Amino acid sequence: MKKNVTEIDRFIDKKCYDAIYSALSSYIEDNPDGLELDQTSNFVEEPDGASLIDMEIVKTENCIIDEDEITFDTVVSCELEIEETVKRNRETDSASQWFRMHCKAVLADTLKSFTVSDIEVYSK
């Protein structure tokens with residue numbers, strides 16, 4: 001369970017979760033070889049496919065609110081499914097990975113636009 005959850009954390013979790021999930025899911029599917037999963041699987045050594053199964057927003061940092069725009073970094077913990085084809089056999093496994101994402105959103109009565117400008121593997 002998260003400690004010291006602020007109103008901004010609750011807002012980002014409620015309003016931005018789906019957009020963060022979507023951006024991260026696309027990133028993971030497009031970059032299975034860049035996930036740094038070397039020591040996490042007994043079956044998959046060099047993933048050639050990956051998909052996001054579940055995600056939790058762990059913390060929000062560097063939050064800046066300027067009029068109707070908010071920028072922030074969020075750290076997420078993910079559960080992934082990874083796969084690799086070896087000699088025509090498909091091996092699959094699950095793996096955990098953390099990511100840091102730099103995000104920007106325009107707010108009015110609702111979330112008007114949301115962008116992720118950077119995603120990187122995060123080391124605790």
Side-chain angles (χ1 to χ4, degrees):
M1 185 168 180
K2 296 185 225 178
K3 297 179 182 177
N4 303 323
V5 176
T6 67
E7 192 169 328
I8 292 290
D9 293 326
R10 284 189 291 277
F11 173 82
I12 289 170
D13 194 51
K14 183 177 180 180
K15 297 291 186 182
C16 302
Y17 182 92
D18 290 340
I20 290 170
Y21 187 98
S22 178
L24 189 56
S25 181
S26 294
Y27 176 83
I28 289 166
E29 288 174 11
D30 293 343
N31 299 289
D33 55 340
L35 299 178
E36 299 181 20
L37 299 170
D38 302 340
Q39 305 298 322
T40 61
S41 175
N42 294 323
F43 308 109
V44 177
E45 294 178 15
E46 296 180 26
D48 55 22
S51 58
L52 180 59
I53 297 171
D54 196 18
M55 176 190 90
E56 177 187 4
I57 297 174
V58 176
K59 64 181 174 177
T60 302
E61 303 174 318
N62 307 320
C63 185
I64 300 170
I65 300 172
D66 184 18
E67 294 184 20
D68 63 345
E69 186 175 275
I70 181 172
T71 59
F72 59 93
D73 293 333
T74 187
V75 175
V76 296
S77 172
C78 301
E79 192 66 30
L80 310 173
E81 180 175 81
I82 55 174
E83 50 190 49
E84 174 184 35
T85 301
V86 179
K87 297 181 183 177
R88 298 182 3 184
N89 291 322
R90 197 83 177 145
E91 297 287 345
T92 62
D93 201 2
S94 62
S96 297
Q97 181 70 64
W98 286 47
F99 294 92
R100 176 186 300 274
M101 304 171 68
H102 183 71
C103 307
K104 180 163 85 170
V106 175
L107 310 170
D109 295 335
T110 62
L111 185 66
K112 292 228 177 192
S113 74
F114 181 86
T115 57
V116 175
S117 60
D118 189 38
I119 299 174
E120 63 187 16
V121 172
Y122 178 78
S123 297
K124 301 183 238 181

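Note that the structure is a prediction, hence the values are computed from the model and not measured. Hydrogens, waters and symmetry mates are skipped; everything else that's a heavy atom, side chains included, is used.
Across Ile119 and Ala23, no two heavy atoms sit closer than the pair CD1-O, 4.0 Å. Between Val121 and Leu35, the shortest heavy-atom contact is CG2-O, 3.9 Å. Nearest heavy atoms, Ile53 versus Tyr21: O-OH, 3.4 Å. Scanning all heavy atoms of the two residues, the minimum distance from Asp13 to Ile57 falls at OD1-CD1, 3.6 Å. Taking all atoms of both residues into account, the shortest heavy-atom contact from Phe72 to Cys16 is CZ-SG, 4.3 Å. Closest approach of Ser51 and Ile28 over heavy atoms only: N-CG2, 4.0 Å.
Side-chain heavy atoms closer than 4.5 Å link hydrophobic residues (I, L, V, M, F, W, Y) into clusters, and following such links, possibly through other members, connects Ile8 to Val76.
Residues passing the salt bridge (charged side-chain N to carboxylate O under 4.0 Å, His left out) test with Glu83 are Arg90, sequence neighbours excluded. Every residue two or more places apart in sequence or in another chain was checked for a salt bridge (charged side-chain N to carboxylate O under 4.0 Å, His left out) with Glu67, and none qualifies. Remark: Asn31 pairs with Tyr27 by the side chain to side chain contact (heavy atoms under 4.5 Å, CB included) rule, at least two apart or across chains. Contacts of Ala105 classified as side chain to side chain contact (heavy atoms under 4.5 Å, CB included), with partners at least two apart in sequence or in another chain: Ile70, Leu107, Leu111, Phe114. With sequence neighbours excluded, the residues satisfying side chain to side chain contact (heavy atoms under 4.5 Å, CB included) with Thr115 are Lys104.
Under the 4.5 Å side-chain criterion, counting only non-hydrogen atoms from C-beta, Ile20 is in contact with Ile12. Between Ser96 and Glu79 the shortest side-chain heavy-atom distance falls below 4.5 Å. Between Cys103 and Thr74 the shortest side-chain heavy-atom distance falls below 4.5 Å.
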Q | side-chain hydrogen bond (donor to acceptor under 3.5 Å, both in side chains) evaluation trace for Ser94 with Glu81 | A | CA-CA 4 Å; Ser94 62; Glu81 180 175 81; over 6 Å; no
Q: Report the C-alpha separation of Ile82 and Thr92 in whole Å, then their side-chain angles, then the decisive distance to 0.1 Å, and conclude whether the side chain to side chain contact (heavy atoms under 4.5 Å, CB included) test is met.
A: CA-CA 6 Å; Ile82 55 174; Thr92 62; over 6 Å; no
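How far OG of Ser77 is from NZ of Lys59: 12.0 Å, rounded to the nearest 0.5 Å. Atom CG of Asp73 and atom OG1 of Thr60 lie 9.0 Å apart (nearest 0.5 Å). How far CZ of Phe99 is from CG of Leu80: 5.5 Å, rounded to the nearest 0.5 Å.
Remark: side-chain polar atoms of Tyr17 are paired, donor with acceptor, to backbone N or O of Met55 under 3.5 angstrom.
Here salt bridge (Lys or Arg N to Asp or Glu O under 4.0 Å) pairs that include residues 18-35, with residues two or more places apart or in two chains, number zero.
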